[in-house]
Amino acid sequence: MDGTVETYARTIGLPCGLGFLPDGRLLITSMNDRKILRREPDGTIVEHADVSALAPWQLNDMLVDHQGRAWAGNFGFDLNGGAPSRPTVLIRVMPDGGASIAAENLGFPNGMVLTPDGRTLVVAETMMNRLSAFDVIGDELGERRTWAVFGAPPTSDDVSEILQRADVLPDGICLDAEGAVWVADVLKHRVIRVAEGGKILNELKTDDGCMFACMLGGDDGRTLFACAAPTFEEEVASVHHRASILMTRVEVPHAGLP
């Protein structure tokens, strides 16, 4: 890589989660209209799936697996409008665009990872102080179980209270070859490496603002990239354009998906 910036796709609305189909075409979650878009080889952007009837509010992060199934989370409530927190669903979109609910009663399902054997999907529940896991059984998900817990679940639906009291607000996540998960902890301005169960193995803090996503990559999978921005308030962020991508080297390489 020589640092050249290239515009790969342009969409109308707010793009969020990304993932590649087995044939290399890119899928994009379009947050506000709650659709999943697809970039064709010629650069054309087309609708892959309309999940507005399934997602109660804005779409969020997404993982696309080796079979071309997309697993997409959503806010579940009007976060920016001050609505109370509500549980929501995880949506499964098949390669042909058919969509259905894969899991229910999740607290703001956000970043996801799939283990290398394809058998376990781990989901960050931003409003629940935890990472949850599901067995992948064919096209279905098994019962939710707690993969890592950071503190007590919230007892209130007041978002301000949840944000203030949370031990960890997990957003984007990625998996490494030792089975640990790197977690972007939104409001504490850090990424943490977490073992199953919830023990924090490593912490990397930054002064660059809230941490929204992280990913292991580079030629050897040992470069940790992190997305940071001063705020998650859309109106403020869109005016100031102060987001950044940070990077550092780590010892254990990437594993699984994405």
Taking side chain to side chain contact (heavy atoms under 4.5 Å, CB included) as the test, write out the residues that go with Pro22, two or more places apart.
none
Electrostatic pair Arg249:Asp220 at N-O distance under 4.0 angstrom
yes
In a check of side chain to side chain contact (heavy atoms under 4.5 Å, CB included) between Leu121 and each of Thr115, Val113, Leu90, which one passes?
Leu90
Under 3.5 Å donor-acceptor, Lys188 side chain and Lys205 backbone:
no
Is there a continuous path of hydrophobic side-chain contacts, each under 4.5 Å between heavy atoms, that joins Ile200 to Val122?
yes
Should the pair Phe75 and Phe108 be assigned to parallel (<30°), tilted (30 to 60°) or perpendicular (>60°) ring geometry?
tilted
Is there side-chain contact between Leu37 and Leu27, with heavy atoms separated by less than 4.5 Å?
no
State, without any angle test, whether Asn32 and Gln58 hold a side-chain donor-acceptor pair at a distance under 3.5 Å.
yes
Between the side chain of Arg38 and the main-chain N/O of Val46, is any donor-acceptor distance below 3.5 Å?
no
Looking only at non-hydrogen atoms, find the nearest pair between Met112 and Val123 and report the distance.
CG-CG2, 3.6 Å
Can you name the nearest heavy-atom pair linking Pro56 to Asn74, along with the distance?
CD-OD1, 3.2 Å
Taking 4.0 angstrom as the limit, do Glu40 and Arg25 come out as a salt bridge?
yes
Can you find a heavy atom in the side chain of Leu14 that is under 4.5 Å from one in the side chain of Leu59?
no
Answer yes or no: is there a side-chain heavy-atom contact under 4.5 Å between Phe77 and Pro84?
no
Answer yes or no: is there a side-chain heavy-atom contact under 4.5 Å between Val191 and Asp185?
no
Asp158 and Ser156: side-chain donor and acceptor closer than 3.5 Å?
no
Residues forming a salt bridge (Lys or Arg N to Asp or Glu O under 4.0 Å) with Arg39, sequence neighbours excluded:
none
Is the shortest heavy-atom distance from the side chain of Val168 to the side chain of Arg190 under 4.5 Å?
yes
Looking only at heavy atoms, which two atoms of Phe20 and Val64 are closest? And how far apart?
O-CG1, 3.4 Å
If every non-hydrogen atom of Leu175 is compared with every non-hydrogen atom of Pro116, which pair is closest and at what distance?
CD2-CD, 3.9 Å
Set out, in order, the CA-CA distance, both residues' side-chain angles and the distance that settles side chain to side chain contact (heavy atoms under 4.5 Å, CB included) for Phe225 and Leu246, then state yes or no.
CA-CA 6 Å; Phe225 299 91; Leu246 312 177; over 6 Å; no
Over all atoms of both residues, closest heavy-atom pair of Pro15 and Ile28:
CB-CG2, 3.6 Å
Could you check whether atom CG of Asp42 has more than 12 heavy atoms from other residues, nucleotides or ligands sitting under 6.0 Å from it?
yes
side-chain hydrogen bond (donor to acceptor under 3.5 Å, both in side chains) between Arg144 and Ser132, intermediate numbers included:
CA-CA 6 Å; Arg144 190 203 71 82; Ser132 292; 2.7 Å; yes
Are Arg86 and Asp157 within salt-bridge range, i.e. N to O under 4.0 Å?
yes
On a heavy-atom basis, the closest approach of Leu169 and Thr126 is CD2-O, 3.2 Å
Kindly indicate whether the side chain of Thr120, heavy atoms from C-beta on, has any atom under 4.5 Å from the side chain of Phe134.
no
Determine, stepwise, if the pair Asn60 / Asn110 fulfils side-chain hydrogen bond (donor to acceptor under 3.5 Å, both in side chains).
CA-CA 6 Å; Asn60 203 10; Asn110 211 326; 3.1 Å; yes
Are any non-hydrogen side-chain atoms of Leu216 and Arg222 less than 4.5 angstrom apart?
no
Would you confirm whether Arg130, through its side chain, and Val149, through its main-chain N or O, come within 3.5 Å as a donor-acceptor pair?
no
Residues Arg193 and Glu203 bridged, charged N to O under 4.0 Å
no
What's the verdict on salt bridge (Lys or Arg N to Asp or Glu O under 4.0 Å) for Asp139 and Arg69, showing C-alpha distance, side-chain angles and the deciding distance?
CA-CA 8 Å; Asp139 293 331; Arg69 298 171 298 202; 2.7 Å; yes
Between Arg145 and Glu143 (salt bridge meaning N to carboxylate O under 4.0 Å), is one present in this structure?
no
Taking the side chain as C-beta and beyond, is there a heavy-atom pair between Met215 and His254 under 4.5 Å?
yes
Taking 4.0 angstrom as the limit, do Arg119 and Asp135 come out as a salt bridge?
no
